[in-house]
Amino acid sequence: MISANDPKLKSWVTIPKDSDFPIQNLPFGIFKTKYLSAVAGVAIGDHVLDLVYLHEHGYLDGLGLPSGIFNQKFLNDFLALGKKKIRQVRERVSVLLRHDSDELNAADREIALVPMEEVQMLLPVRIGNYTDFYSSEEHAFNVGSMFRDPKNALLPNWKHLPVGYHGRASSIVVSGIPIHRPKGQIKPSDSDIPIFCPTRKLDFELEVAFITCGENKLGQRITVDQAEDYIAGFVLFNDWSARDIQQWEYVPLGPFLSKNFGSTISPWIVTMDALEPFRVEGPAQHPHVLPYLAFEGNKNFDVMLEVLLQAEKSDPVTISRSNFKYMYWNVNQQLAHHTSNGCNIQVGDLYASGTISGPSPGSFGSMLELTWNGENPLNLPDGSIRSFIDDGDTLIMKGHAIRNGVRIGFGSCNGKILPST
Ligand code: CA
C-alpha cells in the first residue's frame with residue numbers, strides 16, 4: 001500500500017469539490033509565473049506547490065536529491081532518479097500537505113503555494129522519442145470496417161502484437177498551444193491527380209500516453225514483469241490527424257505528414273502510483289498471446305475520458321465519453337513488445353495508447369468514427385454541424401478516475417485550431 005494513496009488523507013489546502021488534484025493525486029509538472037522561470041511543481045487543488053522552494057528550504061532533506069534537481073525546464077533528470085525516488089518525493093510531499101501536519105510553516109506555505117491562475121504550464125519533459133500504438137480493438141475495428149471490410153476489419157497481426165509506429169517528438173506541445181490547420185497532398189475522389197491544400201478532414205484522437213523514467217541498454221529487453229519500473233506516469237494525449245492526407249499517403253509505410261504537424265498533451269504527469277487503486281482487468285485476449293507478452297494481474301486502469309468541442313463563441317459540448325480501461329493491449333505489453341528486439345528506451349520518452357474507442361458510438365475517440373467519415377455529421381447545440389474539425393474549434397480532453405470518494409484527474413488537454421498559414 002502506498003501511503004500517499006490512503007483515501008482517508010485530507011490536506012490543509014482547500015480542495016474544491018470535483019477537483020482533479022486532491023492530496024491522493026500529487027502529479028508532477030513544470031510551470032512558470034511572472035516571477036519564476038520554469039521550475040518543477042506538484043498540483044494540489046487549485047494550487048501548484050513549488051518543489052524548488054521546498055527543496056531549497058530543507059523540506060525534502062533526507063531523500064538524497066541532487067541539488068537543483070527541480071530547478072530545471074524539464075523533469076527528465078528528476079524522472080531519471082527512478083520510480084522509487086519519484087515515489088519517495090510524492091510520499092514526502094503528501095506528508096507535508098496533510099491536514100494534521102504543521103511542518104510546512106505558515107510563511108513558507110504562503111510562498112510555496114502558487115495559485116493555478118497565476119501559472120503557465122509548460123511541457124513536463126523533453127520528449128526524446130514518441131511512439132504511437134494502435135491498441136484499442138474497437139478503434140482498429142471501426143477504422144478497418146470503414147476503409148477495408150467489416151468482415152475482416154482487423155488485420156491478421158492485430159491480436160498477436162501491439163501494432164505501433166514511431167511518431168514525431170518535436171511537434172508535441174503542451175495544452176493551450178494552438179495548432180494551425182496543416183496543408184498537404186490529398187487526392188479527391190473525383191480527381192486523377194493529387195492536389196496540395198489545407199486538410200478538409202482535420203481530426204482528433206483521444207489517447208493516454210505514458211512517460212518513461214528508466215532506460216534499458218541497446219540490445220537488452222524489458223519484460224512484461226519489469227515494465228512498470230520504467231513507467232513514471234501518464235498524460236492525456238491528442239494525436240491530431242489529417243484524414244485526407246493520411247488516406248493518400250499511408251500506404252505502404254504508414255502515417256507521416258498526416259500526424260506529425262502537432263500533438264497535444266496535458267501538463268501534469270499523473271503517476272502510475274496514484275492510479276494503483278484504479279487497476280482493473282483488461283479485455284480477454286484471444287487467441288493466447290506469445291509467452292513474451294503474457295502477463296498476470298490487472299494491468300488496465302479505470303480512467304473515464306471525455307472529449308469536448310468548443311466552437312468559437314460557444315460553450316464546450318461533450319462529443320465523446322470513453323475509458324482507458326478499454327485498451328486491448330496494456331502498457332506492460334506495449335513496452336515489452338517495443339523492446340523485445342533490443343530497442344533501447346530513454347527517460348522522457350512518450351508512448352501513446354492509440355485512439356481509445358469504447359463499444360458504443362458515443363464512446364468513439366475520433367471524429368472519423370463519431371461521424372463515420374463524415375456520413376453522419378454531429379449536430380451541435382449552436383445549430384452548426386461538424387463532420388470534422390473547423391477552424392476556431394477548440395478540442396478539450398479530460399480524464400479522471402473515482403473510487404472510495406477519491407477522484408484522481410489529469411486536468412485538461414486543450415488545443416485550438418487556427419486557419420492554415
Ligand atoms: Ca494515434
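Please read these numbers as outputs of a predicted model, since none were measured by experiment. No hydrogens, no waters, no symmetry mates; every other heavy atom, side chains included, goes into these values. Just follow the structure's listing: the first ligand is 1, and inside any ligand the first atom is 1.
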Taking C-beta and beyond as the side chain, do T199 and W240 meet within less than 4.5 Å on heavy atoms?
->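 T199 vs W240: side chains apart.
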
List the steps, then state whether ring-ring contact (aromatic ring centres under 6.0 Å, His included) holds for F324 with F234.
-> CA-CA 11 Å; F324 191 28; F234 299 89; 5.7 Å; yes

Decide yes or no on ring-ring contact (aromatic ring centres under 6.0 Å, His included) for Y130 and F237, but give the supporting numbers first.
-> CA-CA 12 Å; Y130 152 45; F237 187 83; 5.2 Å; yes

Mutual orientation of the aromatic rings belonging to H338 and Y351 [parallel < 30°, tilted 30-60°, perpendicular > 60°] =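 Perpendicular: the ring planes of H338 and Y351 meet at over 60°.
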
Considering only N, O or S atoms of D132, the one closest to the Ca ion (ligand 1) |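 Of all N, O or S atoms belonging to D132, OD2 is the one nearest the Ca ion (ligand 1).
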
Can you name the N/O/S atom of E205 that is nearest the Ca ion (ligand 1)?
->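 Distance check against the Ca ion (ligand 1) picks out OE1 in E205.
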
Three-point angle D239:OD2, the Ca ion (ligand 1), E207:OE2, rounded to the nearest 10° =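 About 100° at the Ca ion (ligand 1).
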
